[in-house]
Amino acid sequence: MPDPEMIESQVLADWLADGSAYLVDVREETEFAQARIPGSHLVPLSALDPTAMSLPDDRKIVLHCRSGVRCGQAAQRLIAAGENRPLYRLAGGIMAWAQQGHPIEPGDI
């Protein structure tokens, strides 16, 4: 299985708009409560259990974190547990997403 492909914020925005992406936020609960990408699903890296995750088969799986490091660790855990679908990582994480003007809930970071 190749390493997860890095995608830019605009690619993710397009995929979220057309419903083709399932976005997993691997930051911690406190970070998620402060700011999140609309439509993201929280699965903190500290609690990530690949065998307990239920990921949809009909959408692209995109992982993100604050800046792009933890989502790589999460992807490697998923791959090690047998995930064989393509995985994607948001380049620059939520920081790059916000810097490029994409929406954040509940507000700015």
Side-chain angles (χ1 to χ4, degrees):
M1 174 79 200
D3 285 337
E5 180 182 339
M6 297 293 275
I7 61 167
E8 297 299 322
S9 296
Q10 188 57 54
V11 172
L12 176 59
D14 293 344
W15 289 355
L16 289 172
D18 70 15
S20 65
Y22 184 86
L23 181 59
V24 179
D25 186 333
V26 300
R27 299 174 306 140
E28 296 303 311
E29 288 182 31
T30 54
E31 294 172 287
F32 187 80
Q34 292 172 353
R36 63 190 161 274
I37 297 173
S40 59
H41 303 271
L42 179 64
V43 181
L45 181 62
S46 63
L48 189 140
D49 178 357
T51 62
M53 287 183 73
S54 178
L55 299 172
D57 292 328
D58 61 343
R59 291 190 271 169
K60 298 173 182 101
I61 306 302
V62 181
L63 304 168
H64 93 84
C65 58
R66 181 178 182 273
S67 63
V69 175
R70 286 177 281 178
C71 63
Q73 295 169 353
Q76 292 307 316
R77 285 192 199 175
L78 288 168
I79 292 166
E83 181 59 59
N84 58 9
R85 291 177 287 173
L87 298 173
Y88 301 89
R89 292 171 55 197
L90 177 59
I94 194 171
M95 299 298 289
W97 173 269
Q99 288 170 352
Q100 293 174 16
H102 297 289
I104 296 291
E105 297 173 340
D108 295 332
I109 57 173

Check: Do Asp57 and Arg85 pass the side-chain contact (heavy atoms from CB on, under 4.5 Å) test, and can you show the C-alpha distance, the side-chain angles, and the key distance before you say yes or no?
Finding: CA-CA 9 Å; Asp57 292 328; Arg85 291 177 287 173; 3.4 Å; yes
Notebook entry, point to check: Could you give the distance from NE2 (His102) to CD1 (Ile94), rounded to the nearest 0.5 Å?
Noted result: 12.0 Å
Notebook entry, point to check: In terms of the angle between their ring planes, are Tyr88 and Trp15 parallel, tilted or perpendicular, with boundaries placed at 30° and 60°?
Noted result: perpendicular
Check: When rounded to the nearest 0.5 angstrom, what distance separates CG in Leu16 from NZ in Lys60?
Finding: 10.5 Å
Notebook entry, point to check: Are Leu45 and Phe32 in one and the same hydrophobic cluster, where Ile, Leu, Val, Met, Phe, Trp and Tyr link if side-chain heavy atoms are under 4.5 Å apart?
Noted result: no
Next item on the list: Might you point out which heavy atoms bring Ser40 and Arg36 nearest each other, and give the distance in Å?
Entry: OG-CB, 3.9 Å
Next item on the list: Mind checking the CD-CZ spacing from Gln73 to Arg77? Nearest 0.5 Å is all I need.
Entry: 7.0 Å
Note to self: The test is side-chain contact (heavy atoms from CB on, under 4.5 Å); show your working for Val62 and Tyr22 and say whether it passes.
What the structure shows: CA-CA 6 Å; Val62 181; Tyr22 184 86; over 6 Å; no
Next item on the list: Considering non-hydrogen atoms only, spot the tightest contact between Arg70 and Cys65 and give its length.
Entry: N-SG, 3.4 Å
Item checked: CZ on Arg59 to OG on Ser20, rounded to 0.5 Å -> 9.0 Å
Item checked: Residues, nucleotides or ligands: over 12 heavy atoms within 6.0 Å of Glu29 CD -> no
Next item on the list: Nearest 0.5 Å please: distance from the CG atom of Asn84 over to the CD1 atom of Ile79.
Entry: 10.0 Å
Margin query: If I compare all heavy atoms of Ser9 with all of Gln100, which pair ends up nearest, and what's the gap?
Written below: CB-OE1, 3.1 Å
Note to self: Assess the residue pair Asp25 and Glu31 against the criterion (side-chain contact (heavy atoms from CB on, under 4.5 Å)); give the C-alpha distance rounded to whole Å, side-chain angles, the decisive distance to 0.1 Å, and a yes or no.
What the structure shows: CA-CA 10 Å; Asp25 186 333; Glu31 294 172 287; over 6 Å; no
Checklist line | Taking every non-hydrogen atom, the tightest pair across Leu87 and Ala75 | finding: CD1-O, 4.0 Å
Notebook entry, point to check: Do Val26 and His64 touch side chain to side chain, with heavy atoms closer than 4.5 Å?
Noted result: no
Notebook entry, point to check: Would a 4.5 Å heavy-atom cut-off, applied to side chains only, mark Arg89 and Ile7 as touching?
Noted result: no
Check: Where is the tightest heavy-atom contact between Ile61 and Pro56, given as atom of each residue plus distance?
Finding: CD1-O, 3.8 Å
Checklist line | Nearest atoms (heavy-atom pairs only) where Pro103 meets Pro38 | finding: O-CD, 3.2 Å
Check: Between Leu78 and Leu63, does a side-chain contact (heavy atoms from CB on, under 4.5 Å) hold up when you go through it step by step?
Finding: CA-CA 11 Å; Leu78 288 168; Leu63 304 168; 4.1 Å; yes
Next item on the list: Rounded to the nearest 0.5 Å, what's the gap from CZ on Arg27 to CZ on Arg66? Could you check?
Entry: 9.5 Å
Next item on the list: Answer yes or no: is there a side-chain heavy-atom contact under 4.5 Å between Leu90 and Ile37?
Entry: yes
